[in-house]
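Quick notes on the structure that follows.
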Amino acid sequence: MAARPPSFMIAEVIVDIAHSEVDKIFDYVCGEDISAGMRVAVPFGRSAATGFVMRVKEKSDFPQEKLKRIYRAEEDFPALNAECLALAKKIAARYRCPLALTLRLFLPAEMRTGKVSERYRTVALAAEGEFDTRRAPQQTACLAHLKECGEEDAARLRERFGAGAVNALVKKGAILLEERRQLRDPYRGIGKREEVHVLTPAQQQAVERISQTDKTVTLLHGVTGSGKTEIYLTLIARELEAGRTAIFLVPEISLTPQMLSKLRGRFGGEAAILHSGLSAGERFDEWQRLRRGEAKIAIGARSAVFAPLENIGVIVIDEEHDGSYSSESSPRYNTFDIALLRAQYNGCKLVLGSATPAVETYRRAVEGEFELVTLPNRINARPLPDVCIVDMRREVRRGNASPFSALLQEKLSACLGAGNQAILFLNRRGFSQKAICRDCGYVAQCEHCDVALTYHREENCLKCHYCGARYHMPLTCPSCGGKHIRYMGTGTQRVVSELQALYPNARILRMDVDTTSGKEGHYRILKQFSAREADILVGTQMVAKGHDFPAVTLVGILDADMSLHFPDYRSGERTFQLVTQVAGRSGRAEEKGEVVLQTYDPENYILRFAAQYDYLGFYRHEIGLRAAAMFPPFCKIVRVMVTGEEEKSALAALKAVYERLQRLYNAHAESFLFFNKMHAPIKRIQNKYRYQVLMRLTEPALLREVYAACAEVQEKNVLVYVEENPSNLS
Ligand code: ADP
Ligand code: ZN
């Protein structure tokens, strides 16, 4: 006799509260409408909570009468598929954080806060049959229009023929109204159908090698303009044809409208775009399209690695060296790690692309862990722009105090004279760095953060770049009462005003953090420059990204060595990457490009290699230095951060975590190159005191223990977290 299936089931639920005390499975009774991956409302303690169903089973170890019942499903679909559930568990184990926290990564934030709903619109259709509209010309016209076009948006119909006519027709039964779900499409209209390039033999070979290698990961190392994008698109198109899906990650999608237009042009509605610049509703709708399988390619910044796709055929990480692939909020995941887990789960390829791969990535490729595919030449053998190094010390000696060398001025005049465009790049933001008293050396500082303030001329105020606080510009020095407060350093604003004085007729655009607020900020400026509404674009890091402006024939790097002098083992690598990337913006079309690189350190080996586009030379030199100094990839730099508003509790947490780590150190001293606790370099940010334990580990396996030690320390209102090879040690 077959056993009757039970009329109720048991759901294993993780409550959506990110606290280690509730980070365990709770059993609930549920109906048959509940399945794994759904979000549900459940009774929890004395109130209600949202939870994730991890699994549905027939029996609980607890007596059934002790179990509470699920109130309801939050949605009528599982928000998380089987892979996402499995991955969330792995990530929680890897970073030792509550499962609720990693499950959230897979959802659009707005879904949890309940601020979005699906949008509907009303469509009007003409009904079958004859209807009398003889004495109502508007109704006659309306019906004729509707019969001709089949259907029409009801709102538009009312606008055109009047609400009275439409309502009358509805009453007569001549018009039928239908509610339809409407998706918001944030990029409608972007991307015309683009012609598909026939691949060059080099591109074709790259595609074949990536497809055929038995390694999961391939590093595609191709100089700027070598046609990497076309290779990604071909790989993606192949997978779509085979019925699979794809993830395409870019560092900052709002900075690369051209990439968007290319993808939309090639794949149309099959591409869904996920990024922070979209409205909550737009993001939710794009996510839904992916989840339902209506869209097959997820494109976006690092969070798109969590896209709700099944049957993934390829994952691409473009500009893999970019710092934005490390998350800065808990859990501090690395996008590559997650992408690799997904590639392994789906048995698909993971492609990393860059003109300037991270030293650590390149080493893994030359050591054979990754397949290495190199594209040494630009498409159509277009030459890379020549780079002239200018010694700025000589300019100063010659009495040129402006930010532009004589050579740069000469080349700018020629470039503008020929009707071409130029980009000037500088490594900072704001008008001036600091407000400093010339009499006593006082530097204006933020009251909450213990860092120097930055002067902003447009608003005539001082701002803290860490917390955003604004201050009046002091007229007298608060320390000595002197009247000689001055600004130090050069910023984009000053460059623009000096440039305008030199070239009164030139149209100049400025692009930095201060001019690009909001979703449209970058896009607007880039579009203007691309439409040739300006001659010169002055900007910070953002102008170095993968833009393709065919009319740009000159790039000026105003202070190439600025980024060399940061207390970071990667500052050489960063500088090489920045210089190469920004130089790559020049001469992308028929006319040959030029680059003027200004520096106070012209013999610097990094700049020399960058000027020659010699990545391999740079890599060999750099890896030698890292090996000698025992820096990553020869060790792992691990920082445990402890922050809190109350100094006492922060110190208590620091002590607790340090004691645990000390035990680890005592047991494995041979694997520690460095181990100490101290103030963080910036002692306070946003009123939070900051302490750190700094370690350099030669044994990566010890990381697990470090995460475990931090997870054990629970001090009220104190945050304890781990950073691996942090890019910013401030
Ligand atoms: P990368 O991503 O390596 O910087 P892109 O993919 O942007 O390079 O290609 C550089 C330029 O070459 C683009 O304008 C692109 O349209 C063009 N291009 C790429 N592949 C081909 C091809 N096979 N034939 C002709 N033009 C191509
Ligand atoms: Zn501040």
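In listed order, ligands and their atoms are each counted from 1. All heavy atoms count here, side chains included; hydrogens, waters and symmetry mates do not. This chain uses plain numbering: 1 for the first residue, then up along the sequence.
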When you measure from the heavy atoms of Ser226 to every atom of ligand 1, does any distance fall below 4.0 Å? yes
Any N or O of Asn380 closer than 3.5 Å to N or O of ligand 1: no
Angle class for the Phe576/Phe618 ring planes (parallel below 30°, perpendicular above 60°, tilted otherwise)? parallel
Taking atom 11 (C) of ligand 1 as the reference point, report whether a protein heavy atom occurs under 4.0 Å from it. no
For atom 25 (C) of ligand 1, the protein heavy atom that lies nearest, with its residue and separation: His197 ND1, 3.4 Å
Hey, is Val198 touching ligand 1 through its side chain, its backbone, both or neither, going by heavy atoms under 4.0 Å? backbone
Please report which non-hydrogen protein atom sits nearest to atom 4 (O) of ligand 1, along with the residue it belongs to and the distance in Å to one decimal place. Gly225 N, 2.8 Å
Which residue and atom name correspond to the protein heavy atom nearest atom 8 (O) of ligand 1, and how close is it? Gly227 N, 3.0 Å
Heavy-atom pairs closer than 4.0 Å: do any link ligand 1 to the side chain of Gln203, the backbone, both, or neither? side chain
Taking atom types as modelled and ignoring hydrogens, do the side chains of Gln344 and Thr216 form a donor-acceptor contact shorter than 3.5 angstrom? no
In ligand 1, the atoms that come under 4.0 Å of a heavy atom of Thr200 are 23 (N)
Per-atom filter on ligand 1: closer than 4.0 angstrom to a heavy atom of Glu230 are 6 (O), 20 (N)
Can you find a heavy atom in the side chain of Asp337 that is under 4.5 Å from one in the side chain of Ile91? no
Enclosure of Glu328 CD (heavy-atom neighbours >12, cutoff 6.0 Å): no
Geometry only, no angles: is Lys228 polar-contacting ligand 1 at N/O separations under 3.5 Å? yes
Ring centroid separation Phe336 to Phe370 under 6.0 Å: yes
For atom 14 (O) of ligand 1, what's the nearest protein heavy atom and its distance? Asp548 OD2, 3.4 Å
Starting from atom 2 (O) of ligand 1, which protein heavy atom do you reach first, and at what distance in Å? Thr229 OG1, 2.9 Å
Step through it carefully: locate the ring centre of Phe248, locate the ring centre of Tyr232, and say whether they are under 6.0 Å apart. yes
For Arg620, look at atom CZ and say whether over 12 heavy atoms of other residues, nucleotides or ligands are found less than 6.0 Å away. no
Any atoms of ligand 1 less than 4.0 Å from a non-hydrogen atom of Lys262? List them with their elements. 7 (O)
Minimum side-chain heavy-atom gap Asn377-Val223 below 4.5 Å: no
Is a side-chain N or O of Arg289 found less than 3.5 angstrom from the main chain of Glu294, in a donor-acceptor match? no
Does the side chain of Thr599 come under 3.5 Å of the side chain of Asp601 through a donor N or O and an acceptor N or O? no
Which of the listed options, Val223, Leu233, Ile379, holds the heavy atom that is closest to atom 21 (C) of ligand 1? Ile379
